[in-house]
Visitor: 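Let me begin by handing over the structure; questions about it come next.
By convention in this document, chain letters (A, B, ...) are assigned in the order of the sequence lines, proteins followed by strands, and residues within each chain are numbered from 1. Heavy atoms only: backbone and side chains are in, while hydrogens, waters and symmetry mates are out.
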Amino acid sequence: MGQTIAEKIFARHFRDEPFPGVNILNIDRVFCHEILTPIAINDLIQRGRDGVFDREKVKAIIDHVTPSKDSKTATQAKTMRDWARRVGLKDFFDVGQNGVCHALFPEKGFIRPGQTVIMGDSHTCTYGAFGSFAAGVGTTDLEVGIMKGICSFRPPVTIRINLTGELRAGVYAKDVILYIIGAIGVNGATDRIIEFHGPVVNKMSMEARMTLCNMAVEAGATTGICEPDATTVDYLWPFIQAEYRDRNSALDDFSQWRADIDADYSETLNFDLSSLEPQVTYNYKPDCVKTVGEMAGTPIDQVYIGSCTNGRLEDLRIAAEVLKGHKIADTIRAILSPATPATFQAAIKDGLIDIFMEAGFCVTNPTCGACLGLSNGVLAEGEVCASTTNRNFNGRMGKGGMVHLMSPATAAATALQGSIADARTISAQP
Amino acid sequence: MSDHFGGPALFLDRSDINTDEIIPAKYLTEISKEALKPYCLEDLSLEGFDHQSEAMAQARVIVTRKNFGCGSSREHAPWVFEVNDIKVVIAESFARIFRQNMYNCGMMAIELAAPELDRLFELAEYGQVHIHIDVNRRQINAETHTKRLTFNFDITPFDMALVNAGGWINFVDTRY
């Protein structure tokens with residue numbers, strides 16, 4: 001019997017099976033941010049165990065509230081900063097170099113096919129786009145990861161999702177993943193890994209694959225995984241060119257992390273996406289999804305473009321194409337947070353930031369802030385946000401606020417219209 | 001050990017209760033567990049529920065439906081229960097990270113099949129339910145003044161080891 005991608009990764013990283021049904025894995029990357037890590041750091045100090053198992057494999061960032069907004073967030077940031085220096089982390093990203101973790105770490109070339117990655121953050125599944133096994137964990141798992149470089153998982157059980165057909169113009173990875181979550185539900189993949197296959201994924205850029213995998217957890221999945229291919233090699237080439245003779249040899253090597261043809265799946269789901277429409281959430285769960293046509297006209301107070309789901313350069317380009325030459329509605333306030341400093345700089349260089357600002361957007365520094373109602377765009381009670389983020393839970397972006405999740409194109413069109421709108425109805429300006 | 005798990009039960013008759021509802025993100029800027037205490041279930045959407053009620057203050061066990069603890073990986077969700085002396089959640093199913101976080105803290109996330117859970121919810125119609133978890137016998141004993149029900153539950157050897165060790169860190173220290 002052949003193996004799934006996760007089965008191959010588990011086999012290579014297997015450390016122990018203390019009980020049947022429990023795999024202890026060696027972890028290649030332990031990522032830390034200032035929300036879930038400080039309590040682990042303080043606990044390690046208290047236990048007299050201050051230190052890390054590997055100063056290169058443990059990497060850290062301040063991203064959720066940055067620059068700090070008050071004394072509490074400043075204390076969290078300081079705890080991270082002091083720790084990173086004290087234990088000698090090779091990679092630590094502070095104000096000026098920091099951005100949204102799941103956008104920044106891939107951009108630095110830290111994620112490779114076949115790796116195991118944990119982070120105290122549920123959207124760690126984003127890295128599955130590279131053919132790695134990447135799972136969000138809590139603070140205790142993170143603390144053990146920092147200390148010992150291991151983590152416990154159940155043996156992998158995988159759902160195969162085949163995405164066939166061809167996406168229409170104006171339909172993006174965000175629409176695809178919202179549609180899938182709507183179809184299988186918020187616990188449709190609990191304790192399962194989702195492997196994404198098919199021509200739609202094959203044609204996606206790494207950015208789009210990250211959007212796809214990012215929201216696997218919203219269907220309950222442990223992680224989402226895409227097979228590494230030439231697109232993966234091209235994205236990583238600047239970081240791996242010293243390791244391989246040429247791109248083909250890198251591709252050969254990466255191919256060991258593709259699923260076997262006779263791999264065993266708990267379930268195989270086929271979605272033909274040829275007639276897929278842009279998707280928008282309603283209500284307070286990410287599986288409450290309708291087409292943009294059904295949601296059109298819903299009044300909106302704030303538009304937010306950013307986050308680990310849709311704050312990358314490709315996302316900014318897509319939104320800017322819609323916004324170019326237009327102004328946002330009088331009743332709207334619109335916020336853009338490019339997900340990383342490199343994205344921000346490239347967007348300035350490419351003239352995208354001009355387009356956003358001329359349309360009437362406020363452009364903020366890279367941070368997670370608004371997505372979870374912590375800073376840079378918190379909603380008041382009764383306010384409604386059209387957002388490119390990943391969660392529409394009650395109160396997520398501010399107590400009493402409502403969030404509609406959508407693609408950057410739909411968010412941009414919504415900003416222009418003042419209510420939920422289909423980007424394909426906005427006339428392109430030269 | 002079993003004495004630690006039990007007391008008055010709080011019934012939350014809803015599926016998909018997420019970690020933002022259990023502990024809103026704005027409190028994640030706290031860096032002590034104790035500071036979370038007043039905010040337990042503050043944003044829960046459930047008709048008639050008041051997170052500052054006497055029933056909430058008395059609760060030692062939570063009984064709920066499917067996919068409890070979905071959403072964020074924040075261990076603040078188990079912690080806010082822990083500092084409120086709630087060390088057991090009984091549900092039809094749990095989100096992976098929340099469930100693991102509970103056992104990693106040495107607490108229990110017990111799964112019960114839907115028909116049994118229905119009977120437990122029905123019991124609550126007879127008044128305040130007290131639940132006692134007999135870990136060794138794998139039994140949930142639930143009683144009101146007039147009625148008493150017993151359910152068997154499963155726990156994996158690994159989860160049992162985590163409960164006995166008082167969490168994942170202690171377990172790791174004895175083995176790795």
Visitor: With side chains defined as the heavy atoms from C-beta onward, is the minimum distance between B:Tyr176 and A:Asp16 less than 4.5 Å?
Guide: yes
Visitor: With only heavy atoms counted, which part of B:Asp43 is less than 4.5 Å from chain A, the side chain, the backbone, both or neither?
Guide: both
Visitor: Quick one: what part of A:Pro38 sits under 4.5 Å from any heavy atom of chain B, side chain, backbone, both or neither?
Guide: side chain
Visitor: Taking atom CG of A:Asp287 and atom CG of B:Asn67, what is their separation to the nearest 0.5 Å?
Guide: 9.0 Å
Visitor: Within the supplied structure, the quantity of interest is the number of heavy atoms (other residues, nucleotides, ligands) at a distance under 6.0 Å from B:Lys26 NZ; does it exceed 12?
Guide: yes
Visitor: Heavy-atom cut-off 4.5 Å, strictly under: side chain, backbone, both or neither for B:Ile97 against chain A?
Guide: side chain
Visitor: Counting only heavy atoms closer than 4.5 Å, note whether B:Gln100 contacts chain A via side chain, backbone, both or neither.
Guide: side chain
Visitor: As an exercise: rank A:Gly120, A:Ser152, A:Ala221 by heavy-atom pairs under 4.5 Å with chain B and give me the winner.
Guide: A:Ser152
Visitor: Got a salt bridge between A:Arg391 and B:Asp20, using NZ or NE/NH1/NH2 to carboxylate O under 4.0 Å?
Guide: no
Visitor: Measuring from atom NZ of B:Lys33 to atom OG1 of A:Thr139, what distance do you get when rounded to the nearest 0.5 angstrom?
Guide: 8.5 Å
Visitor: Using heavy-atom distances under 4.5 Å, tell me whether B:Phe98 contacts chain A through its side chain, its backbone, both, or neither.
Guide: neither
Visitor: Counting C-beta onward and ignoring hydrogens, is there a side-chain heavy-atom pair between B:Phe94 and A:Thr190 closer than 4.5 Å?
Guide: no
Visitor: Report the option among A:Thr222, A:Ile35, A:Leu372 that has the most heavy-atom pairs separated by less than 4.5 Å from atoms of chain B.
Guide: A:Thr222
Visitor: Quick one: pull up OG in B:Ser72 and CG in A:Leu36 and give me the separation to the nearest 0.5 Å.
Guide: 6.5 Å
Visitor: Could you look at A:Val22 and say if it's the side chain, the backbone, both or neither that has a heavy atom under 4.5 Å from chain B?
Guide: side chain
Visitor: Does any heavy atom of chain A fall under 4.5 Å from the side chain of B:Asn104, the backbone, both, or neither of them?
Guide: both
Visitor: Which atoms of A:Asn390 come close to chain B, meaning under 4.5 Å heavy atom to heavy atom: side chain ones, backbone ones, both, or neither?
Guide: neither
Visitor: Heavy-atom pairs under 4.5 Å with chain A - which of B:Leu44, B:Thr19, B:Val172 has more of them than the others?
Guide: B:Val172
Visitor: Establish, from distance only, whether the side-chain atoms of B:Ser45 and A:Asn394 form a donor-acceptor pair under 3.5 Å.
Guide: yes
Visitor: Heavy-atom distances under 4.5 Å only: say whether A:Asp70 touches chain B with side chain, backbone, both or neither.
Guide: neither
Visitor: Under the 3.5 angstrom rule, does the side chain of B:Glu30 hit a backbone N or O of A:Lys72 as a donor-acceptor pair?
Guide: no
Visitor: Spell out, as yes or no, whether a donor-acceptor pair under 3.5 Å connects the side chain of A:Lys285 to the backbone of B:Asp16.
Guide: no
Visitor: Check whether B:Pro24 gets within reach of chain A through its side chain, its backbone, both or neither, counting any heavy atom under 4.5 Å.
Guide: neither
Visitor: Specify which of A:Arg15, A:Glu143, A:Glu218, A:Arg47 makes the most heavy-atom pairs with chain B at under 4.5 Å.
Guide: A:Arg47
Visitor: To the nearest 0.5 Å, what is the distance between CZ (A:Arg154) and CZ (B:Phe158)?
Guide: 10.5 Å
Visitor: Roughly how far apart are A:Leu142 CG and B:Ser73 OG, rounded to 0.5 Å?
Guide: 9.0 Å
Visitor: Is B:Thr156 close to chain A through its backbone or its side chain, or both, or neither, when contacts mean heavy atoms under 4.5 Å?
Guide: neither
Visitor: Between chain B and each of A:Val65, A:Val378, A:Val137, A:Asp43, count heavy-atom pairs under 4.5 Å; write down the option with the most.
Guide: A:Val137
Visitor: Under a 3.5 Å cutoff, is there a donor and acceptor pairing between the side chains of A:Thr140 and B:Glu75?
Guide: yes
Visitor: Could you measure the distance from the CE atom of A:Met147 to the CD1 atom of B:Ile169? Nearest 0.5 Å is fine.
Guide: 5.5 Å
Visitor: What is the minimum heavy-atom distance between B:Gly71 and A:Ser122, and which atoms define it?
Guide: O-CB, 3.7 Å
Visitor: Is any NZ, NE, NH1 or NH2 atom of the basic residue among A:Arg49 and B:Asp173 found under 4.0 Å from an Asp or Glu carboxylate oxygen of the other?
Guide: yes
Visitor: Going by an N to O cut-off under 4.0 Å, is there a salt bridge joining A:Asp191 and B:Arg96?
Guide: no
Visitor: Would you say CZ of B:Arg137 has more than 12 non-hydrogen atoms from neighbouring residues, nucleotides or ligands within 6.0 angstrom?
Guide: no
Visitor: Give a yes-or-no answer on whether the side chains of B:Asn18 and A:Tyr284 include a donor-acceptor pair shorter than 3.5 Å.
Guide: no
Visitor: Could you have a look at A:Thr75, A:Thr73, A:Asp141 and say which one has the most heavy-atom pairs with chain B under 4.5 angstrom?
Guide: A:Asp141
